[in-house]
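One structure, as structure tokens, below. Some questions next.
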Amino acid sequence: MTNYILRRLPQLVLVLFGVTVVSFGLMFLSGDPAELWLGPAAEVMTADQIEEWRENMGFNRPWYVQYVEYAGNAVRGDFGTSFRHGRSAMSLIVERMPATVQLASLALLISVVVGIPLGIVAAVKRNTPIDGVTMLFALMGQSMPSFWIGIMLMLFFGVQLRWLPISGRGTIQHLILPSTTLAFFYLAQNARVMRSSMLEVLGLDYIRTARAKGLANRAVIYRHALKNALIPVITLIGLQIGAMLGGTVIIETVFAWPGVGRLVVTSIGAKDFPVVQAGVVVLASSFVIVNTIVDLTYALIDPRIRYS
Amino acid sequence: MTIRERLSKLAKKLSWQATLGLVVLVAFLFVAIFSAQLTTHDPAEIVIGNRMKPPSWHERGVPEHFLGTDSLGRDILTRLVFGSRVSILVAMTATFVAGSLGVIIGLISGFYGGYIDDVLMRLADIQAAFPFILLAIAVLAVLGPGLINLILVLGIAGWVPYGRIVRGQVKSLREQEFVEAASALGAGHFRVIFRHILPNCWGPVIVLASFSAARTIIAEASLSFLGLGVPPAIPSWGAMLADGREYLSLAPWLATYPGFAIMIMVLSINLLGDWIRDILDPRLRNST
């Protein structure tokens with residue numbers, strides 16, 4: 001296991017390094033820093049003044065020198081000051097993090113708790129109307145853009161029925177629509193993969209043996225088949241944890257949920273690049289770290305992975 | 001077997017789901033190509049006096065605007081019809097860009113191995129570290145919105161799965177005897193890669209392409225929804241939805257129909273994709 005961790009860690013460091021390169025590259029591509037940072041002030045300044053400002057800010061140095069400085073600061077969580085809020089970009093992101101984590105975790109819970117049983121039922125009732133309806137539902141869930149699901153839920157539960165608030169954060173009720181919306185795609189994915197994996201396992205010899213012993217159908221499915229059928233689903237869920245962090249960007253915008261994703265999107269509109277960079281680095285790093293932890297957990301559970 | 005025989009054999013195996021998907025997709029393609037002939041309104045024609053008319057079966061609806069009008073008085077059905085162009089164009093081109101890039105990188109990486117492989121696959125790891133949509137948002141934020149940028153970003157953001165899968169295929173193919181035989185007969189790298197290895201990699205690539213086309217349509221709509229897609233003058237389903245979100249309680253139909261259009265198109269692609277996967281590569285059944 002130690003060996004496996006030692007092999008995985010350099011990979012993690014390398015990827016995190018890549019994340020800082022990309023986010024630095026974004027800043028570089030975004031145009032003249034003087035124009036961006038000074039905004040309208042640049043227009044009333046003389047060319048000499050702007051040149052002097054560049055000199056003072058260090059924008060005249062070669063890009064790799066600037067990168068080293070940027071990466072050094074980034075490691076310490078310093079992405080500079082937000083143009084819009086006049087505060088540390090990182091502190092703005094950190095403040096919004098709990099809202100995003102809350103949204104993503106509830107969505108994950110919903111997608112697992114609803115998706116897996118749906119898949120099991122569909123597999124067990126294979127080729128019945130129950131299977132058909134469940135799989136149609138799952139296929140539709142994978143075919144609808146999440147933000148549209150969100151808008152339709154808002155329309156129905158918020159505008160028509162007036163049961164739930166349609167935007168903002170505060171009470172448990174505020175959490176229901178955004179997390180259900182975010183969960184939808186993953187729920188559908190879990191149900192489909194659970195079904196096909198269950199069907200595959202149910203066709204194996206050891207299941208036939210279990211049935212031949214005269215075990216009740218329930219026991220065969222839940223005690224013998226389920227554990228093995230869950231393996232691909234668990235792999236999938238591991239991948240989903242990270243993907244959900246990205247998915248929050250859109251859902252948070254739809255529901256005006258005050259999380260990291262929405263902050264990044266509004267900062268893009270305002271050309272507030274320090275906040276965009278901090279947000280991108282934080283989201284991408286959490287994604288990488290979560291995925292690494294998931295991988296390590298598998299290796300712990302399944303020795304075959306460690307030795308491959 | 002000639003291509004014709006193969007196609008007719010495939011057609012016989014079409015499931016009803018795949019047939020449905022195919023028919024709907026062909027219909028969408030037809031609508032996209034003949035948008036101008038099929039509609040009577042101009043998608044960009046603004047008539048403020050006519051704004052937010054509900055669909056024609058409502059009591060306030062008017063017969064000229066079957067699905068009603070938007071906040072600027074533009075005909076929704078016309079904009080939906082023209083919006084299919086953006087979705088189809090972006091899905092096809094971006095999938096092509098992602099596929100070509102991924103296949104080429106995968107071929108090089110798998111064939112040459114060694115440090116080239118290491119570098120390319122670490123690049124893939126780094127890129128895969130960014131959630132797809134977040135990467136697209138970040139890059140578009142910098143490059144600015146626009147059709148070409150959108151296609152490039154979605155294309156470049158999507159190459160990793162192709163690269164990885166082709167690399168894996170190439171690695172196992174290059175050890176096989178027919179490849180060794182070709183090399184032994186004096187075929188150069190280029191010929192071995194393109195004549196002998198590539199034709200054996202198409203299966204998973206096509207399967208991947210069908211699902212990534214579906215994903216691209218949703219991504220395009222999402223980016224247009226955030227205002228990072230095509231310019232507002234070009235009708236696109238995602239932008240129509242964003243507009244509709246503003247008037248949710250006043251004009252709920254604005255946000256309803258574009259979403260339906262997206263869902264039906266993506267659903268058809270997925271139905272067809274499921275069938276292609278089952279035919280070409282049943283092993284992938286347990287991946288998503």
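Per chain, numbering begins at 1; letters A, B, ... match sequence-line order. Values below: every heavy atom of this structure, side chains too, minus hydrogens, waters and symmetry copies.
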Considering only heavy atoms, which portion of A:Val276 lies under 4.5 Å from any heavy atom of chain B: side chain, backbone, both, or neither?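 Looking at A:Val276, nothing touches chain B.
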Do the side chain of A:Trp148 and the main chain of B:Ala255 share a donor and acceptor less than 3.5 angstrom apart?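 Checking the backbone N and O of B:Ala255 against the side chain of A:Trp148, a donor-acceptor pair under 3.5 Å is found.
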So if I apply the side-chain contact (heavy atoms from CB on, under 4.5 Å) rule between A:Met140 and each of B:Leu267, B:Val266, B:Ile264, which one comes out positive?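 Per the side-chain contact (heavy atoms from CB on, under 4.5 Å) rule, the option paired with A:Met140 is B:Leu267, out of B:Leu267, B:Val266, B:Ile264.
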Using a 4.5 angstrom heavy-atom cutoff, name the option from B:Ile262, B:Leu271, B:Thr256 with the most pairs to chain A. B:Thr256
Taking B:Leu228, B:Leu226, B:Ile217 one by one, which has the highest count of heavy-atom pairs under 4.5 Å against chain A? B:Leu226
Hey, what do you get for CZ (B:Phe260) to CE (A:Met152), rounding to the nearest 0.5 Å? 7.5 Å
Between atom CZ of A:Phe17 and atom CZ of B:Arg122, what is the distance when rounded to the nearest 0.5 Å? 14.0 Å
Where B:Asn270 and A:Ser143 come nearest, the two heavy atoms and their spacing: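 What the structure gives for the nearest pair is ND2-OG, 3.1 Å.
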Would you indicate whether B:Met121, at its atom CE, is surrounded by more than 12 heavy atoms from other residues, nucleotides or ligands within a distance under 6.0 Å? yes
At a heavy-atom distance under 4.5 Å, which candidate from A:Leu16, A:Val265, A:Val22 has the highest pair count against chain B? A:Val22
Non-hydrogen atoms of chain B under 4.5 Å away: do they reach the side chain of A:Val159, the backbone, both or neither? side chain
Would you say B:Arg245's side chain and A:Val254's backbone share a donor-acceptor pair under 3.5 angstrom?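 A pair under 3.5 Å: yes.
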If you count heavy-atom pairs within less than 4.5 Å of chain B, which of A:Ile151, A:Val288, A:Val249, A:Leu14 leads?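 Looking at each of A:Ile151, A:Val288, A:Val249, A:Leu14 in turn, A:Ile151 comes out on top.
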Chain A contact residues among residues 218-225 of chain B, heavy-atom distance under 4.5 Å: B:Ile218, B:Ala221, B:Ser222, B:Phe225
Measuring from atom CD of A:Gln142 to atom CE of B:Met263, what distance do you get when rounded to the nearest 0.5 angstrom? 13.5 Å
Proximity breakdown for B:Ser268 and chain A, heavy-atom pairs closer than 4.5 Å: neither
If we define contacts as heavy-atom pairs under 4.5 Å, which of B:Leu123, B:Leu134, B:Leu143 has the most with chain A?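 Top count of heavy-atom pairs under 4.5 Å with chain A: B:Leu134.
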Hey, what do you get for CD1 (B:Ile137) to CD1 (A:Ile250), rounding to the nearest 0.5 Å? 5.0 Å
Side chain, backbone, both or neither: which part of B:Ile133 has a heavy atom under 4.5 Å from chain A? side chain
Is atom CD1 of B:Ile148 surrounded by more than 12 heavy atoms (other residues, nucleotides or ligands) closer than 6.0 Å?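 For B:Ile148, atom CD1 is not crowded (no more than 12 foreign heavy atoms under 6.0 Å).
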Which portion of A:Gln11 sits near chain B, non-hydrogen atoms under 4.5 angstrom: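 Contact with chain B involves the side chain of A:Gln11 alone.
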